[in-house]
Protein chains: 2
Amino acid sequence: MPAAIGPSSPWDAVPDLLRARGMRWTPQRRTLIEVLAGIGGHLTGAELVERCRAADPTTTPSTVYRTLDVLEELGFIRHGHGADGREEFHVLPRTAHGHLHCGTCGSSWELGASEVGGLVRALRRGRGFHVDLSHVTIVGQCESCASAESRP
Amino acid sequence: MPAAIGPSSPWDAVPDLLRARGMRWTPQRRTLIEVLAGIGGHLTGAELVERCRAADPTTTPSTVYRTLDVLEELGFIRHGHGADGREEFHVLPRTAHGHLHCGTCGSSWELGASEVGGLVRALRRGRGFHVDLSHVTIVGQCESCASAESRP
DNA sequence: GTCGGTATTGCGACGCCTTGCAACAACAGC
DNA sequence: GCTGTTGTTGCAAGGCGTCGCAATACCGAC
Ligand SMILES: [Mn+2]
Ligand SMILES: [Mn+2]
Ligand SMILES: [Zn+2]
Ligand SMILES: [Zn+2]
């Protein structure tokens, strides 16, 4: 009788992907991946460290950040920076996107390829520059903050 | 005989601008402004702290960063963030511009309003969002790094 | 010129992230 | 199963900023 097959997840491939590159599958990496698999969306590095520490109190920040680097190289996550420069990680992004961030109220929105496509193509054609869309964060003022300011 | 009139500089207005807002003109602010007046272009916060310390060894980082905030509110400088999230200051920008940064070789270029204008207008019309152009840093790969990678 | 209110400074502590290094432990090979 | 190689970890230290707080000093008023 064959073992039951659980629901498959993209994360299941990580151990073999690592070993195929001569890297190793360690308990610390397993902890981070379990954390990442249990959430979605955007988190800061500090939040990820915190969640790993909840799962395993012996977690060390440097190990988490180094593993995040590895997972980004493998394409499982991407990072950008908030308005203050802090790292924000996007887990398993369906499609590349940047971020729009209101410096006044702190809200943020995803910036689709359709909105930035013109700029991306212009930079590619005009300068040969390849934009890393997921690293793009546009900071400014959102509609409600701008109108609140002009009509005090 | 009237006193000789030296070459006038935009920085000359700072003391009175501060006092008009109920703020104060201090030796520490004078030091930073002399540093800023002596250079141009883009510098990181740490570089500015370093230059202030060279001019006055008693310089404290927190005071420099707080004064940079004040000068940015007055419009004398603007800041963005490098690929690693560190602050970069632009002194007396002639015209608002963003930055293009190659994550591979570290080079960077100015991004003119003409190149980003389409995106800025689209975000304004579509979302009511007001982009802070000088805070924009687009990271990616420059032409020479991209071709070096595709033709190894 | 002195005085007082209050903006500013310097300090210490903290938060986020990176790096060098010695000790450890995956895992390939036998 | 061992064993050796070498990728990883944990630690300590450092760099970049930020913040709260008590002491300082700017500057407007008299
Ligand atoms: Mn910023
Ligand atoms: Mn980055
Ligand atoms: Zn807002
Ligand atoms: Zn390059």
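Chain identifiers are assigned alphabetically (A, B, ...) following the order of the sequence lines, protein sequences preceding nucleic acid strands; residue numbering begins at 1 within each chain. Heavy atoms only: backbone and side chains are in, while hydrogens, waters and symmetry mates are out.
- Under the salt bridge (charged side-chain N to carboxylate O under 4.0 Å, His left out) criterion, the residue pairs touching residues 34-51 of chain B are Arg30(B)-Glu34(B), with sequence neighbours excluded.
- Pairs passing the ring-ring contact (aromatic ring centres under 6.0 Å, His included) check and including a residue from residues 24-56 of chain A, sequence neighbours excluded, read His42(A)-His90(A), His42(A)-His97(A), His42(A)-His99(A).
- Under the side chain to side chain contact (heavy atoms under 4.5 Å, CB included) criterion, Glu87(B) pairs with Tyr65(B), His79(B), His81(B), Phe89(B), not counting sequence neighbours.
- By the side-chain hydrogen bond (donor to acceptor under 3.5 Å, both in side chains) test, His101(A) pairs with no residue at all, sequence neighbours left out.
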Distances for protein N or O near nucleotides 26-30 of chain C N or O, under 3.5 Å:
{"from": "dA26(C)", "atom 1": "N3", "to": "Arg24(A)", "atom 2": "NH1", "distance (Å)": "3.1"}
{"from": "dC27(C)", "atom 1": "OP1", "to": "Arg19(A)", "atom 2": "NH1", "distance (Å)": "2.9"}
{"from": "dC27(C)", "atom 1": "OP1", "to": "Trp25(A)", "atom 2": "N", "distance (Å)": "2.8"}
{"from": "dC27(C)", "atom 1": "OP2", "to": "Arg19(A)", "atom 2": "NH1", "distance (Å)": "3.3"}

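- The nearest whole Å value for the distance from the CG atom in Leu32(B) to the C1' atom in dT8(C) is 14 Å.
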- Spell out protein contact along nucleotides 10-20 of chain D as letters: B when the base is contacted, S when just the sugar-phosphate is, - when no protein heavy atom is under 4.0 Å; keep the 5' to 3' order. BB----SSSBB
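- Regarding Asp56(A), its CG atom lies at a distance of 18 Å from the P atom of dT8(D), rounded to whole Å.
- Distance Arg21(B) CZ to dT8(C) C1': 16 Å, rounded to the nearest Å.
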Going by atom type alone, with no hydrogens or angles, which donor-acceptor pairs under 3.5 Å involve a side-chain atom of residues 118-125 of chain A and a protein atom two or more places apart or on another chain?
{"from": "Arg124(A)", "atom 1": "NH1", "to": "His130(A)", "atom 2": "ND1", "distance (Å)": "3.1"}

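- Summarising the geometry of Val91(B) relative to Ile77(B), their closest heavy-atom pair is CA-CG2, 4.1 Å, with the distance given to 0.1 Å.
- What separates CG of Asp84(B) from P of dC17(C) is a distance of 12 Å, to the nearest Å.
- Atoms CD1 and CG, from Ile39(A) and Leu92(A) in turn, are 10.0 Å apart once rounded to the nearest 0.5 Å.
- With sequence neighbours left out, Asp69(B) forms a side chain to side chain contact (heavy atoms under 4.5 Å, CB included) with no residue at all.
- A straight line from CG of Leu48(A) to P of dC16(C) spans 12 Å, rounded to a whole angstrom.
- Residues forming a salt bridge (charged side-chain N to carboxylate O under 4.0 Å, His left out) with Arg24(A) (at least two apart in sequence, or on another chain): none.
- A straight line from CG of Leu71(B) to P of dT8(C) spans 12 Å, rounded to a whole angstrom.
- Distance, Arg53(A) CZ to dG15(C) C1': 12 Å, rounded to whole Å.
- Nucleotide dC27(D) holds its P atom 10 Å from the CG atom of Asp16(B), rounded to whole Å.
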